[in-house]
Amino acid sequence: MLPLGQLISRFNCVCYHCYADDTQLYISFKPHQVDRLTILYDCFTAIKEWMANNFLQLNCEKTEVLLIGLETITPPILFGSLPIKSCCRNLEIILFDQHLNFEQHVKSLSRNCFYQLRNISKLRSFVPYSVSETIIHAFISSRLDYCN
């Protein structure tokens, strides 16, 4: 990550966070500083070029752009072919949306837990109560506590 970190550091106001093979770029600005998004776009473009020069490829299908802030802010640029999303994923969970609430995450988590509970209920008549309890804790509690 050292070469990539050095590349990102050239863009003064762009911050980054790396986790495994994911890199998150972010920038903070006031409503009248929307033009700072061009710096983020330039950084993104530089990373894409650096990756191409080093025989790596940016996975555009997994690349997401999220603009958090007032609804009145309209970005001066689009990130190439990347649309600005209404919510984003982090570590394969829907983290938050553009208004910084967890509504999408709660909906997704609820749907996933109910799916697991329906599957577990099909096993209930074949296994003892204590085993059912262990299965529920393994499949449901782990999902509720993931990334806590």
Side-chain angles (χ1 to χ4, degrees), residues 1-2 4-5 7-9 11-48 50-51 56-148:
M1 294 312 298
L2 185 62
L4 193 56
L7 175 68
I8 296 169
S9 296
F11 299 88
N12 294 332
C13 55
V14 176
C15 301
Y16 67 97
H17 176 75
C18 299
Y19 182 82
D21 64 342
D22 287 340
T23 303
Q24 297 173 350
L25 302 176
Y26 54 96
I27 190 169
S28 175
F29 58 90
K30 298 193 182 312
H32 66 278
Q33 298 173 316
V34 179
D35 58 327
R36 289 182 79 183
L37 281 175
T38 55
I39 298 169
L40 187 62
Y41 180 73
D42 293 342
C43 182
F44 171 74
T45 304
I47 290 171
K48 198 172 178 181
W50 178 86
M51 292 181 83
L56 299 169
Q57 183 177 5
L58 183 71
N59 189 346
C60 290
E61 292 178 7
K62 290 186 176 182
T63 303
E64 298 176 325
V65 178
L66 177 68
L67 181 61
I68 299 171
L70 303 172
E71 292 179 18
T72 57
I73 295 176
T74 54
I77 58 163
L78 293 175
F79 283 76
S81 61
L82 300 173
I84 294 178
K85 302 240 178 165
S86 60
C87 62
C88 71
R89 292 184 171 274
N90 187 18
L91 299 176
E92 292 307 314
I93 63 168
I94 299 173
L95 187 58
F96 48 76
D97 66 9
Q98 58 198 9
H99 305 295
L100 285 179
N101 67 39
F102 287 94
E103 187 175 322
Q104 291 295 325
H105 174 66
V106 171
K107 284 180 184 178
S108 174
L109 183 62
S110 299
R111 184 174 49 247
N112 191 306
C113 286
F114 279 116
Y115 173 78
Q116 295 298 331
L117 282 172
R118 275 195 308 274
N119 286 340
I120 292 169
S121 71
K122 295 173 186 174
L123 298 173
R124 179 64 191 102
S125 60
F126 301 108
V127 296
Y129 179 80
S130 62
V131 174
S132 296
E133 195 174 307
T134 303
I135 293 171
I136 288 171
H137 284 295
F139 285 97
I140 304 302
S141 300
S142 65
R143 280 174 173 70
L144 292 174
D145 199 37
Y146 181 70
C147 290
N148 187 4

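Sequence positions, counted from 1, serve as the residue numbers for this chain.
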Hey, does Ile8 have a side-chain heavy atom less than 4.5 Å from the side chain of Cys43?
-> yes

If you look at every heavy atom in Tyr16 and Ser9, which pair is closest and at what distance?
-> CE2-OG, 4.4 Å

Rounded to the nearest 0.5 Å, how far apart are CH2 of Trp50 and CG of Leu4?
-> 5.5 Å

Name every donor-acceptor pair, under 3.5 Å, that has one atom in a side chain of residues 112-119 and the other anywhere in the protein, sequence neighbours excluded.
{"unit_1": "Asn112", "atom_1": "OD1", "unit_2": "Arg143", "atom_2": "NE", "d": "2.8"}

With sequence neighbours excluded, what pairs up with Gln33 under the side-chain contact (heavy atoms from CB on, under 4.5 Å) test?
-> Phe29, Lys30, Asp35, Arg36

CD1-CG distance between Ile47 and Leu58, expressed to the nearest 0.5 angstrom = 8.0 Å

What is the distance from atom CG of Leu25 to atom SG of Cys15, rounded to the nearest 0.5 Å?
-> 9.5 Å

Which heavy atom in Tyr129 sits nearest to a heavy atom in Arg124, and how many Å separate them?
-> CD1-NH2, 3.6 Å

Separation between CD1 (Ile120) and OG (Ser132), nearest 0.5 Å, reads 8.5 Å

Across all chains, not counting sequence neighbours, the side chain to side chain donor-acceptor pair (under 3.5 Å) partners of His32 are none

Check whether any side-chain heavy atom of Leu40 sits under 4.5 Å from a side-chain heavy atom of Phe11, and report yes or no.
-> no

